[in-house]
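The structure presented is a predicted model; accordingly, all values stated were derived computationally and were not measured. All residue numbers refer to positions in the sequence shown, counting from 1.
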Amino acid sequence: MSLADLSKQLLGECDDCIIRFESYREEDKDPDFFQEVRPHAYYIDELLLEWENLVRKWIQVKRPKYVHPSQINSLVESMKQFIVQSYYKGTSKKRFYKSIHSSKYTLETIIQAIKEVGDEHA
């Protein structure tokens with residue numbers, strides 16, 4: 001999968017997390033960790049690993065203007081946390097939304113940079 005496609009998929013996952021979070025809070029529902037949370041978290045971890053490898057190579061080759069390795073570290077750690085947090089109604093709403101908005105901003109910046117410099121050699 002291309003860097004652009006993976007970035008768009010992760011961006012969609014951010015929106016899915018918001019929907020899931022609001023749904024679980026509204027329904028006052030507790031997830032089954034082994035049936036719901038863990039398999040989804042593992043799936044996203046694999047996507048993040050693939051995306052991280054591609055984006056790091058892309059940054060080295062293309063040197064995009066507004067994308068830096070430190071942003072990648074923050075995004076990966078943040079997404080790993082809020083993916084799991086999206087299942088739990090006790091999660092701090094303000095912190096949860098801040099994390100997602102920050103990740104979405106970084107992903108949108110990367111998608112825009114890909115349009116400008118391309119994603120070949122990634």
For Tyr97 and Ile18, the nearest pair of non-hydrogen atoms, with its separation, is CE2-CG2, 3.8 Å
- Message: Working note: Asp15 + Lys104, criterion salt bridge (Lys or Arg N to Asp or Glu O under 4.0 Å); need CA distance, chi angles, decisive distance, verdict.
- Response: CA-CA 9 Å; Asp15 293 330; Lys104 284 180 74 167; 2.6 Å; yes
Interatomic distance, CD@Glu50 vs CG@Leu3, rounded to 0.5 Å, equals 10.0 Å
TODO: Could you please spell out the steps behind the side chain to side chain contact (heavy atoms under 4.5 Å, CB included) verdict for Met79 and Cys14?
DONE: CA-CA 8 Å; Met79 279 198 81; Cys14 291; 4.0 Å; yes
One should read off an interatomic distance between Lys89 NZ and Ser23 OG, to the nearest 0.5 angstrom, of 12.0 Å
Heavy-atom check, side chain of Arg95 versus side chain of Gln85, under 4.5 Å:
yes
Shortest non-hydrogen pair, Cys17 vs Ser86, comes out as O-CB, 3.5 Å
Smallest heavy-atom separation, Ile83 atom then Ala41 atom, equals CG2-CA, 4.2 Å
So the side-chain hydrogen bond (donor to acceptor under 3.5 Å, both in side chains) pairs with at least one residue in residues 37-47 (sequence neighbours excluded) are Gln9-Tyr43, Glu13-His40, Arg20-His40
| query | Is Leu49 reachable from Leu75 through a run of hydrophobic residues whose side-chain heavy atoms are each under 4.5 Å from the next? | reply | no
Subject >> Expected output: side-chain Thr109 to main-chain Tyr105 donor-acceptor under 3.5 Å >> reply: yes
Residues joined to Phe34 in its hydrophobic cluster, side chain to side chain under 4.5 Å directly or through other members, sorted by chain and number, are Tyr24, Phe33, Val37, Val84, Tyr87, Tyr88
Separation between CG (Leu47) and CG (Leu10), nearest 0.5 Å, reads 6.0 Å
Report the C-alpha distance between Lys93 and Arg25 in whole Å, list the side-chain angles of each, state the deciding distance to 0.1 Å, and finish with yes or no for side chain to side chain contact (heavy atoms under 4.5 Å, CB included). CA-CA 10 Å; Lys93 190 174 182 176; Arg25 283 178 79 114; 4.0 Å; yes
CG (Asp119) and CD1 (Ile111) are apart, to the nearest 0.5 Å, by 11.0 Å
The complete set of side-chain hydrogen bond (donor to acceptor under 3.5 Å, both in side chains) pairs with one or both residues in residues 67-76, sequence neighbours excluded, reads Arg56-Asn73
Item to check | Residues Trp51, Val76; criterion side chain to side chain contact (heavy atoms under 4.5 Å, CB included); working and verdict | outcome: CA-CA 9 Å; Trp51 176 83; Val76 169; 4.1 Å; yes
Practice prompt. For Glu26, look at atom CD and say whether over 12 heavy atoms of other residues, nucleotides or ligands are found less than 6.0 Å away.
Written response: no
Rounding to 0.5 Å, atoms CD (Glu36) and CG (Asp30) come to a distance of 10.0 Å
Going by heavy atoms in the side chains, are Val117 and Arg63 under 4.5 Å from each other?
-> no
Exceeds 12 heavy-atom contacts within 6.0 angstrom, atom NZ of Lys8: no
To the nearest 0.5 Å, atom NZ of Lys62 lies from atom CD1 of Ile114 at 10.5 Å
| task | Run the numbers on Ile110 and Trp58 for side chain to side chain contact (heavy atoms under 4.5 Å, CB included), then give the verdict. | result | CA-CA 10 Å; Ile110 290 169; Trp58 175 75; 4.2 Å; yes
